[in-house]
Amino acid sequence: MSSDMQREDRGLEGKHILAAEDNDINRMIVVSILEEQGCKLTEARDGQEALSAFEASSPGYFDLILMDIQMPVMDGYEATRRIRALPRPDAGNVPIIAMTANAFREDIEKALAADMDDVLTKPLDIKLLFKKVEIIKDREGLL
């Protein structure tokens with residue numbers, strides 16, 4: 001790993017991230033890369049699992065949610081809307097970044113309309129993920 005990448009990512013060490021992705025290989029890649037950066041990961045295979053994991057956590061536990069859009073049982077849009085609607089202090093401001101194979105403007109607008117903070121296209125560009133997390137962190141004073 002390059003020293004540039006290590007320098008950029010140091011701020012994520014120890015952060016709790018919920019990774020919702022139905023594709024086992026994609027989820028394994030994201031989890032592996034983030035664990036290498038010192039993150040603590042909770043995995044979900046669909047939106048319902050992501051919602052349940054968030055509901056079961058204590059307020060403020062998750063620093064970031066990576067939410068795939070197209071998943072079985074409950075898609076990422078609905079999971080995000082339900083998380084945002086929960087009656088707890090962190091539900092409205094935990095950063096949620098959509099992960100999608102669709103990079104069309106309509107898809108990005110739909111993710112933002114569902115109250116996601118940003119969008120990443122697949123295959124994931126990990127350096128871009130870290131940049132987007134930093135932007136959200138700086139903007140909201142979170143993480």
Co-members of the apolar cluster containing Val73 [side chain, <4.5 Å]: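 None; Val73 is a cluster of one.
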Is there a path from Val30 to Ile25 through hydrophobic residues (I, L, V, M, F, W, Y) whose side chains come within less than 4.5 Å of each other?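 Yes, it is one cluster - the side chains of Val30 and Ile25 are joined through contacts under 4.5 Å.
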Common cluster, Met71/Phe62, ILVMFWY with side-chain heavy-atom separation under 4.5 Å: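 Yes; tracing contacts between hydrophobic side chains, which count when under 4.5 Å, links both residues.
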Atom pair [atom1]/[atom2] of [X] and [Y] - distance to nearest 0.5 Å:
X      : Y      : atom1 : atom2 : answer
Lys132 : Leu66  : NZ    : CG    : 12.0 Å
Ile97  : Leu64  : CD1   : CG    : 5.0 Å
Met116 : Thr100 : CE    : OG1   : 9.0 Å
Tyr77  : Ile69  : OH    : CD1   : 4.5 Å
Leu51  : Leu86  : CG    : CG    : 6.0 Å
Ile96  : Phe54  : CD1   : CZ    : 7.0 Å

Who passes side-chain contact (heavy atoms from CB on, under 4.5 Å) against Ala79, sequence neighbours left out?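 In terms of side-chain contact (heavy atoms from CB on, under 4.5 Å), with neighbours along the sequence ignored, Ala79 is linked to Met67, Met74.
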Residues forming a side-chain contact (heavy atoms from CB on, under 4.5 Å) with Ala101, sequence neighbours excluded: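 Listed in chain order: nothing, the list is empty.
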Establish, yes or no, whether a centroid distance under 6.0 Å links the rings of Tyr61 and His16.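 When the ring centroids of Tyr61 and His16 are compared, they turn out to be within the sub-6.0 Å range.
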Could you check Leu120 against Leu128 for side chain to side chain contact (heavy atoms under 4.5 Å, CB included), going step by step and ending with a plain yes or no? CA-CA 8 Å; Leu120 280 170; Leu128 183 58; 3.8 Å; yes
Taking side chain as C-beta onward, heavy atoms only, is Asp22 less than 4.5 Å from Asp68?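 Yes. Closest side-chain heavy atoms under 4.5 Å.
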Would you please name every residue forming a side-chain hydrogen bond (donor to acceptor under 3.5 Å, both in side chains) with Lys110, sequence neighbours left out?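 Partners of Lys110 under the side-chain hydrogen bond (donor to acceptor under 3.5 Å, both in side chains) test: none.
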For residues 38-47, which side-chain donor-acceptor pairs fall under 3.5 Å, sequence neighbours excluded?
{"from": "Glu43", "atom 1": "OE1", "to": "Arg27", "atom 2": "NE", "distance (Å)": "3.0"}
{"from": "Asp46", "atom 1": "OD1", "to": "Gln48", "atom 2": "N", "distance (Å)": "2.9"}
{"from": "Asp46", "atom 1": "OD1", "to": "Glu49", "atom 2": "N", "distance (Å)": "2.8"}

Could you walk me through whether Leu129 and Leu34 pass side chain to side chain contact (heavy atoms under 4.5 Å, CB included), step by step? CA-CA 10 Å; Leu129 166 62; Leu34 291 171; 4.1 Å; yes
Carefully, step by step, assess Glu55 and Ile83 under the rule side chain to side chain contact (heavy atoms under 4.5 Å, CB included). CA-CA 8 Å; Glu55 287 177 316; Ile83 287 170; over 6 Å; no
Can you pull out every salt bridge (Lys or Arg N to Asp or Glu O under 4.0 Å) where at least one residue sits in residues 73-99? Sequence neighbours excluded, please.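 For residues 73-99, and leaving out neighbouring residues, the salt bridge (Lys or Arg N to Asp or Glu O under 4.0 Å) pairs sorted by first residue read Glu78-Arg81, Glu78-Arg82, Arg84-Asp115, Arg84-Asp117, Arg88-Asp90.
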